[in-house]
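In this text the structure is predicted, and so the values were computed from the model without any measurement. Protein chains get the first letters and strands the later ones, always in sequence-line order, with residue 1 at the start of each. Worth knowing before you read on, the calculation uses all heavy atoms, side chains too, and leaves out hydrogens, waters and symmetry mates.
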Amino acid sequence: MTSVAGHITNNDFPKEFGWNNCSPVALFDAPTKIKVENPLIADNITQEAQNCDALMIWTDCDREGEYIGWEVVEQAKKRNPRITLESTYRARFSHLERSHILQAARNPIRLDLKAIDAVKTRMEVDLRTGACLTRFLTNLFKGVLGGEKSSMISYGGCQFPTLGFVVDRYKRIKLFVKEPFWLISLTFKKKQKQCPVTWERGHLFDRLITTCIYQNCLRMEDSEMATILSVATKPTSNWAPLPLTTVEMQKDCGRFFKLTAKDTLAAAETLYTRGFISYPRTETDTFPKAMDLKGLVGKQMESAKWGSYAKSLVDDGRFRQPRQGKHSDEAHPPIHPIIFVGDSANLTGVQKTVYEYVVRRFLACCSPDAKGFRTTIRLQWGTEFFRTSGLVVKENGYLEVFIYSKWKSSKNNLPEVEPGERVKVQKAVISSGMTEPPKKLTETELIALMDANGIGTDATIAEHIEKIKARNYVTTLKVSEGRSKRQVIVPTELGYGLVEGFNRVGFNNISLTKPFLRRSLEEELKRICEGQATRQNVLVKSITMYKEAFALMSQQKRLLLDSYRETIAANS
DNA sequence: GCAAGGTC
């Protein structure tokens, strides 16, 4: 038994197709060659395989893992003709519980050639399109970028949609037109208790109509009184969180601790390599049935901070089997702590924070929900309906250990009223307000957008964000909103100009800065996996489309440069 | 000097 660490090889163009040796467009059809990235790892496989009769692959059971398995076979074949796809077996497993591993070992399957083909396709499309457009754009912008440094203008099927999200939010804010609105604000009174209620119509964008409705109510008989229509108290829950995925961890650590996705993942990786937490790159939000979660909770009893809480889960019967999410990458379980880590471990501040978060989140998802009661009062004044509600929290449940989230009883108790009761109207006036533009984009929101649109994977989302920062397409700002400071992402002039330029070229309605293209490639790859498409036809389709886009771009170079220059001019 | 996907 031996190991690899990620991909063994990489695809690239031969020397004749180097940066200044050919025109960028030639890269769509240039030959590519597979080159060993780490000879030590590759040679180790070849050597270890020399005297074997058979090979068994235990890489991650996802698409890339399947391809890495194939790479291993290729290395193993080099000095041993007995190693073929026929003599290669494949273990199917997604976590390291003993019985699961034994089951996988006793029931091997075969490498999935379709999944391997899908990865080959992805690699080729990404390499050809990325290299071609990057060289073209870099050359095009050489003279224009102020001459400070010869910046690289890279294009990638993931980095551009990521940039697109940033520019899109920025534009929505810039182009936002505030609109005035009007509403009826009403407060009723019961035994010295004042209770503001909300108009069920929300607000209206027509002042005259709001005034008419208001006047109408005022003119009605008894307009100083309102009628309670209903008072309903219902039990309500605040659910314990799902088991932890990479994307959720990055979003939460951004929200709660203002950590970037990159810093969160880096800290989690260290914690994983030191054996403190499980593998940190996972999309799975369901724990395998056989896992001894109670045992893992028990290990946390040592802690001075959350030990007594962990003990209460195990000893007082408060432990709950976590909820089951709907996502599975078939390769890794949700992120969870492996052992308790005390001060002797010498963790950095960020690592401590992330470890504590992983533990508290794990304990939280093994905890009961928070429970309370919500009371809703509905009342009528004239022709109009209003409502208000209040919350009383009865059991804090998981929130006792998940101290980052708040769910509190309402500050003011609702007055005691009954259906049919007539209450005194303390105040009934027309208020007005203005609509507000969307808020600037936070990294947490950007991660959520990428995740929802299938841009990048759990392992790469953070890298794409870092990449567009490093390329100077976007920059981060600290903005204060009231009391809180938020770190937000905004496009630079370069980033904004690039997206605007791409949009102007048009590409026959195919947008290179929107997420649809990546998503459709992902869908095509899935079809390859399911046997409904072949590597060859997906490749031809994809490359043909990019070729057309590239042709349009070369014809309209001016548009790209102009839109950058105009952005600069508009800001100076 | 390019991509995105693994990984440490």
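The phosphate of B:dG5 has OP1 or OP2 within less than 4.0 Å of a side-chain N or O from A:R518. At least one side-chain nitrogen or oxygen of A:T457 sits closer than 4.0 Å to the OP1 or OP2 atom of B:dG6. For the OP1/OP2 pair of B:dC8 and a distance below 4.0 Å, the side-chain nitrogens and oxygens of A:R281 include at least one atom meeting the criterion.
Using a 4.0 Å heavy-atom cutoff across all strands shown, A:G456 reaches sugar-phosphate atoms only and no base atom. When heavy atoms are screened at a 4.0 angstrom cut-off, A:R274 is found touching no nucleic acid atom at all. Across all strands, A:T273 comes closer than 4.0 Å to no nucleic acid atom at all (heavy-atom distances). Within the nucleic acid shown, A:Y546 has no heavy atom closer than 4.0 Å to any nucleic acid atom. As judged by a 4.0 angstrom heavy-atom cut-off over every strand, A:T59 is placed among residues making no nucleic acid contact. Across all strands shown, A:G6 has heavy atoms under 4.0 Å from base atoms, whether or not it also approaches the sugar-phosphate. Among the heavy atoms of the strands lying under 4.0 Å from A:N11 is at least one base atom, whether or not backbone atoms are also near. A:R63 comes within 4.0 angstrom of no nucleic acid atom, judged by non-hydrogen atoms across all strands. A:F136 comes within 4.0 angstrom of no nucleic acid atom, judged by non-hydrogen atoms across all strands.
Atom CG of A:D12 is separated from atom P of B:dA4 by 14 Å (rounded to the nearest Å). One can place CG of A:D126 at 13 Å from C1' of B:dG6, the figure rounded to the nearest angstrom. A:I8 places its CD1 atom 14 Å from the C1' atom of B:dG5, with the value rounded to the nearest Å. Note: NE2 (A:H464) to C1' (B:dA4) measures 6 Å, nearest angstrom. Going from atom CD of A:E463 over to atom P of B:dA3 covers 11 Å, rounded to whole Å. Between A:L265 atom CG and B:dT7 atom P the separation is 10 Å, expressed in whole Å. The distance from atom NE2 of A:H332 to atom C1' of B:dG5 is 13 Å, rounded to the nearest whole Å. In this structure, the OH atom of A:Y67 is 15 Å from the P atom of B:dT7, given to the nearest Å.
Nearest to the side-chain atoms of A:F13 among the listed nucleotides B:dC2, B:dG6, B:dA4 stands B:dC2. Comparing B:dT7, B:dG1, B:dC2 against the side chain of A:N20 picks out B:dG1 as the nearest. Residue A:A5 has its side chain nearest to B:dT7 when only B:dG6, B:dT7, B:dA3 are considered. Listed nucleotides: B:dG6, B:dA3, B:dC8. Nearest to the side chain of A:T460: B:dG6. Side-chain atoms of A:W19 lie closest to B:dC2 of the nucleotides B:dC2, B:dT7, B:dG5. Comparing atom distances between the A:T138 side chain and each of B:dG5, B:dG1, B:dC2 picks out B:dG1 as nearest. Distance from the side chain of A:K142 is smallest for B:dG1 among the nucleotides B:dA4, B:dG1, B:dT7. Comparing B:dA4, B:dG6, B:dC8 against the side chain of A:Q159 picks out B:dA4 as the nearest. Taking the side chain of A:H7 as heavy atoms from C-beta on, and the options B:dA4, B:dG6, B:dG1, the nearest nucleotide is B:dG6.
With sequence neighbours left out, the ring pair (Phe, Tyr, Trp, His ring centres under 6.0 Å) criterion links A:F516 to no other residue. Remark: A:R518 pairs with A:D126 by the side chain to side chain donor-acceptor pair (under 3.5 Å) rule, at least two apart or across chains.
The residue from A:Q351, A:R281, A:R274 that alone fulfils the side-chain hydrogen bond (donor to acceptor under 3.5 Å, both in side chains) condition with A:E269 is A:R281.
A donor-acceptor pair is defined here as one N or O able to donate and one able to accept, closer than 3.5 Å; such a pair exists between the side chain of A:S87 and the backbone of A:R82.
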After noting the C-alpha distance and the side-chain angles of A:E248 and A:K251, does the key distance pass the salt bridge (Lys or Arg N to Asp or Glu O under 4.0 Å) rule?
CA-CA 5 Å; A:E248 280 305 308; A:K251 279 158 63 180; 3.1 Å; yes
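Mapped onto DNA chain B by nearest heavy atom, A:I68 and A:N139 fall at different nucleotides, with A:N139 at the one closer to the 5' end. Both A:G130 and A:Y272 lie near DNA chain B, and the one whose nearest nucleotide falls closer to the 5' end is A:G130.
Centroid-to-centroid, the aromatic rings of A:F287 and A:H95 stay 6.0 Å apart or farther.
A:S151 and A:N472 form no side-chain donor-acceptor contact under 3.5 Å, judged by distance and modelled atom types alone.
By the criterion of a centre-to-centre distance under 5.5 Å and near-parallel planes under 30°, the ring of A:Y155 forms no stack with the base of B:dA3.
Judged by distance alone, with hydrogens and angles left aside, A:N10 brings a side-chain donor or acceptor within reach of the base of B:dA3, the pair sitting under 3.5 Å.
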